[in-house]
Amino acid sequence: MSPGGGSGGKREPSFHQLRLFLVLAQELHFGRAAARVYVTQPAFSQQIRSLEQRLGVVLVERGGGNVRLTAVGQSIAEEAGAVVDAMARLRQAADRHAGAARGLLRIGSLGAEAAMPYAQAILSHLRGKHPDLEIEVRNLTFVDMFGSLLIGEVDAAFLRGPLPGGIQSLQLATETRVVCLSDDDPLADRDTLTLGDLADRTVVDMPPEVPRSWWDHLTLNPRPDGTTVRFGPVVRDTEAMVLAVTQGSAITFLPSAARRLYPRAGLTYVDCPELGLSTAELAAHRNAPAVSALREAARQMVRESGSGALDSASEG
């Protein structure tokens, strides 16, 4: 019996599902495919099952982590590739004829990044120069901040480095980082802290689909003396992170702007020079007039602020 349970329940597959299926067809492993687009394996598997239900056919034979495409799946993969290629050509044609930046630009924001002064300056400049461009800002979590870019759910995003390879980035600003502790922590009344002071503290952790290298970099794991960080509660976004700290279950490290963006009762921020700097970046994964206009607005902001932008493809 087909997953669709009859033709009456079929719906058109989404472009997003076709792209995920093509990744699976390349990897032939749910775990690797999910990791490649930075989504959880259950969420990835559900999208493939939904695609099967919408088409009314079985696309993959499941058994352990590895999968094998069915004969229908192999045929669908070829057609899905043609659809994705055709959509890319359609976008390119539209971009050529549009010329000016217009349409919808979807910008992701990790937590409150879009509220930062430089981000607001960029968006203000963009709206002033391209009044026909519709701008939509979407909140991103730690879990979907990279995957949303890679699978095209957002066109660009305000994130914090370091970024994984393959994502183009423009450095917008740098700032110091601070330790975030609960008010009743004995270290909360200190003016400054060292990594040595924090050696026995538990640090909040990230879900497994977040690149480990990203969080290890930001938590300085391992520490300069070779010791490893003791990780504790897993959080999916900044609000959950600061909540875990106020409850006294862990500490965390945040850009110094968190003092203004995340003031909470029961929370204290303390300077720690050894944490180094935090880098705010504008990330993108495809070229289009709207994205180019956004990047030009960002370069203009950087020039006016007097800091030098670093424009590159991140190596992760």
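The analysis underlying the following values was restricted to heavy atoms, covering all of them including side chains, and did not include hydrogens, waters or symmetry mates.
- Here the CG-CG distance, from Leu149 to Leu163, works out to 8.5 Å after rounding to the nearest 0.5 Å.
- No donor-acceptor pair closer than 3.5 Å links the side chain of Arg11 to the backbone N or O of Arg54.
- Within the 3.5 Å criterion, the main-chain N or O of Val291 finds no donor-acceptor partner in the side chain of Asp155.
- Arg49 and Gln46 are not linked by any side-chain donor-acceptor pair at a separation below 3.5 angstrom, with hydrogens and angles left out of the test.
- Taking CZ of Arg299 as the start and CZ of Arg303 as the end, the distance is 8.0 Å to the nearest 0.5 Å.
- Using a 30° and 60° split on the angle between ring planes, Phe146 and Trp214 fall in the perpendicular class, above 60°.
- Glu304 and Gln300 form a side-chain donor-acceptor contact under 3.5 Å, judged by distance and modelled atom types alone.
- Without hydrogens or angle criteria, Ser148 side chain to Val154 main chain gives no donor-acceptor distance under 3.5 Å.
- The two residues Gly161 and Leu218 have their closest heavy-atom pair at O-CD2, 3.7 Å.
- Among all heavy-atom pairs drawn from His217 and Pro162, the shortest one is CD2-CD, 3.4 Å.
- Screening Met145, Glu113, Glu281 for a side-chain contact (heavy atoms from CB on, under 4.5 Å) involving Leu159 leaves a single residue, Met145.
- A cation-pi arrangement, defined by a distance under 6.0 Å to the six-membered ring centre and an angle within 45 degrees of its axis, is absent between Arg160 and Phe253.
- The pair Glu52-Arg62 meets the salt-bridge criterion, since a charged nitrogen lies less than 4.0 angstrom from a carboxylate oxygen.
- Not a single donor-acceptor pair under 3.5 Å links the side chain of Arg201 to the backbone N or O of Ile251.
- Taking both residues in full, the closest heavy atoms of Leu193 and Cys272 are given as O-SG, 3.3 Å, listed atom of the first, atom of the second, then distance.
- No option in Arg230, Arg236, Arg212 other than Arg212 meets the salt bridge (charged side-chain N to carboxylate O under 4.0 Å, His left out) test with Asp205.
- Distance alone, capped at 3.5 Å, is enough to place a donor-acceptor pair between the Gln120 side chain and the Ala114 backbone.
- Judged by distance alone, the side chains of Asp197 and Thr194 do bring a donor and an acceptor atom under 3.5 Å apart.
- Here CG of Asp225 is found 8.5 Å from CG of Leu195. Values are rounded to the nearest 0.5 Å.
- Residue pairs that meet the side-chain hydrogen bond (donor to acceptor under 3.5 Å, both in side chains) test with at least one member in residues 245-255, sequence neighbours left out, do not exist here.
- Side-chain contact of Thr141 with Asp144: a donor-acceptor pair under 3.5 Å is present, judged by distance alone.
- For Glu175 (side chain) and Ala257 (main-chain N/O), a donor-acceptor pair under 3.5 Å exists by modelled atom type.
- Between Phe30 and Phe44, the angle of the ring planes goes over 60°, which puts this pair in the perpendicular group of the 30/60° scheme.
- Checked by atom type and distance alone, the side chain of Arg19 pairs as donor or acceptor with a backbone atom of Ile151 at under 3.5 Å.
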Tell me which donor-acceptor pairs under 3.5 Å the side chains of residues 238-245 have, and how far apart each pair is, sequence neighbours excluded?
from	atom 1	to	atom 2	distance (Å)
Glu239	OE1	Arg264	NH2	3.0
Glu239	OE2	Arg264	NH2	2.5

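- In this structure, the separation between CG on Asp185 and OG1 on Thr268 is 8.5 Å, given to the nearest 0.5 Å.
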